[in-house]
Number of protein chains: 2
Amino acid sequence: MDAVNKMEVLKSYLETKGLKSTAQRDYIADTFFKSNTHISLDELLKKVKRKTPNIGYATVYRTMKLLTECGLAIARQFGDGQTRYENLPQGGHHDHIICIKCSKIAEFHNQKIEQLQMEAAKKLGFTVVNHKLELYGYCSECS
Amino acid sequence: MDAVNKMEVLKSYLETKGLKSTAQRDYIADTFFKSNTHISLDELLKKVKRKTPNIGYATVYRTMKLLTECGLAIARQFGDGQTRYENLPQGGHHDHIICIKCSKIAEFHNQKIEQLQMEAAKKLGFTVVNHKLELYGYCSECS
DNA sequence: ATTGAAAATGAAAGTTAATATCATTTAGCC
DNA sequence: GGCTAAATGATATTAACTTTCATTTTCAAT
């Protein structure tokens with residue numbers, strides 16, 4: 001799903017909820033959808049303010065809350081005390097590795113790990129539908 | 001590793017760091033080691049205050065920071081805005097698989113998965129010191 | 001056992017991020 | 001265009017975490 005499609009999903013979500021659409025919210029959402037990192041509210045606000053300096057923190061906060069609510073964003077906490085919002089990746093699911101010193105986040109995907117997960121779950125009688133895998137360590141610059 | 005062993009690990013950690021041992025810290029640590037849930041600072045403070053009402057929040061905070069530092073506790077955030085501390089389970093590290101219908105939690109451990117994690121991290125220049133793996137799905141009774 | 005330096009404590013203050021409030025503005029239906 | 005509900009932006013509040021500081025305690029060296 002690309003940014004344009006996501007905007008459409010958002011639009012129809014607003015309609016079903018009887019909410020109004022505004023230039024600010026659209027711009028915040030669009031900026032978020034075009035970002036490819038795990039972005040915090042402050043970072044997103046800064047980005048948005050470049051073109052629209054009068055947008056307030058509260059509006060960014062409320063927009064991200066809305067996007068999280070309708071599944072277009074995922075709120076994540078990596079332990080540095082800040083909530084980061086994950087834009088649903090184009091290539092589907094991925095896992096994270098987080099530097100415990102500088103908080104840098106890298107992404108990876110390993111099919112074999114996922115297969116082993118399924119097998120481990122099966123042994124316990126479970127059927128996996130989703131998972132969360134986070135590695136914590138030191139990045140090349142901090143080790 | 002049981003509570004007694006953990007106290008010993010803590011003690012030797014304090015020694016190597018040149019830190020002093022105190023009744024308060026020992027009691028907080030012991031209380032934590034004997035807990036089996038993911039406990040928050042407030043909860044732990046409350047527990048500790050039952051027998052030692054004059055212990056302060058800051059001391060609990062500092063003790064848990066210390067335990068996290070030396071690997072005897074793991075700080076986790078489940079998205080409710082509170083940090084919870086996980087007591088290292090007796091059987092060593094394990095991962096969780098959670099039933100999304102009945103919330104049953106099973107535990108498993110797979111050495112091969114951990115190895116693949118290390119490898120994936122290495123490719124990205126990271127050194128792993130810790131990880132978090134949670135599978136979500138249906139247990140045998142709910143599937 | 002006494003002493004002195006370094007660390008620990010507890011209370012309180014400071015910090016940070018998240019959330020709520022409120023007066024004003026805006027969207028969208030009539 | 002006018003009306004009503006929602007949105008906005010600034011600010012205030014809250015909650016959790018972290019630091020500060022005066023006092024107390026530990027422990028190693030007498």
Side-chain angles (χ1 to χ4, degrees), chain A residues 10-32 38-70 73-85 100 103, chain B residues 10-32 38-70 73-85:
Chain A
L10 173 59
K11 198 178 162 192
S12 68
Y13 181 77
L14 293 179
E15 272 169 22
T16 63
K17 285 272 180 175
L19 303 178
K20 296 168 182 175
S21 83
T22 65
Q24 290 96 324
R25 184 147 61 196
D26 284 356
Y27 185 59
I28 294 166
D30 188 62
T31 303
F32 173 70
H38 299 88
I39 202 166
S40 69
L41 285 181
D42 279 326
E43 288 161 355
L44 185 55
L45 177 64
K46 204 154 57 166
K47 240 184 188 182
V48 159
K49 278 205 166 185
R50 281 187 207 136
K51 286 204 179 169
T52 328
N54 55 322
I55 275 183
Y57 177 92
T59 303
V60 176
Y61 165 75
R62 283 182 289 232
T63 299
M64 289 318 296
K65 194 175 177 187
L66 196 70
L67 293 186
T68 302
E69 226 172 82
C70 68
I74 299 169
R76 286 179 170 271
Q77 340 231 172
F78 293 113
D80 66 341
Q82 263 205 323
T83 298
R84 281 159 198 290
Y85 294 88
I100 53 182
S103 295
Chain B
L10 173 59
K11 197 178 164 192
S12 68
Y13 181 77
L14 293 179
E15 272 168 22
T16 63
K17 284 271 180 175
L19 303 177
K20 297 168 180 173
S21 84
T22 67
Q24 290 96 325
R25 183 147 62 196
D26 285 355
Y27 185 60
I28 294 166
D30 188 62
T31 303
F32 173 70
H38 298 88
I39 203 166
S40 70
L41 285 183
D42 279 325
E43 288 161 355
L44 185 53
L45 177 64
K46 206 157 50 167
K47 241 183 189 184
V48 159
K49 279 205 168 186
R50 280 186 210 138
K51 287 206 180 169
T52 327
N54 54 322
I55 275 183
Y57 178 92
T59 303
V60 176
Y61 165 75
R62 284 182 289 231
T63 299
M64 290 317 296
K65 194 176 178 185
L66 196 70
L67 294 186
T68 302
E69 228 172 83
C70 67
I74 298 168
R76 286 177 171 270
Q77 338 228 176
F78 293 112
D80 66 343
Q82 264 205 321
T83 299
R84 280 159 199 288
Y85 295 87

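Source: prediction; values computed, not measured. Proteins come first, then strands; the chains are lettered A, B, ... in the order of their sequence lines, and each starts at number 1.
- Distances shorter than 4.0 Å separate some side-chain N or O of A:Tyr61 from OP1 or OP2 on C:dT19.
- Nearest heavy atoms, A:Tyr85 versus A:Phe32: O-CE1, 3.6 Å.
- Across D:dA6, C:dG10, D:dT8, the shortest atom-to-atom separation from the side chain of B:Asn54 is found for C:dG10.
- The 5' end of DNA chain D is approached more closely, in terms of each residue's nearest nucleotide, by B:Arg84 than by the other of B:Ala23 and B:Arg84.
- Remark: A:Arg25 is in phosphate contact with D:dA7, judged by side-chain N or O atoms under 4.0 Å from OP1 or OP2.
- At the phosphate of D:dG9, OP1 or OP2 sits under 4.0 Å from a side-chain N or O atom of A:Gln24.
- Residue A:Thr22 places at least one side-chain N or O closer than 4.0 Å to OP1 or OP2 of D:dT8.
- One finds a side-chain N or O of B:Tyr57 lying less than 4.0 angstrom from the OP1 or OP2 phosphate oxygen of D:dC17.
- The shortest distance between the side-chain N/O atoms of B:Ser21 and the OP1/OP2 oxygens of D:dT25 is not below 4.0 Å.
- OP1 or OP2 of C:dA17 has not a single side-chain nitrogen or oxygen of A:Ser40 nearer than 4.0 Å.
- Counting distance only, with no hydrogens placed and no angle test, the side-chain atoms of A:Lys20 and the base atoms of C:dA27 include a donor-acceptor pair under 3.5 Å.
- Checking the phosphate oxygens (OP1, OP2) of D:dG9, a side-chain nitrogen or oxygen of A:Thr59 falls inside 4.0 Å.
- The shortest distance between the side-chain N/O atoms of B:Lys65 and the OP1/OP2 oxygens of D:dT19 is below 4.0 Å.
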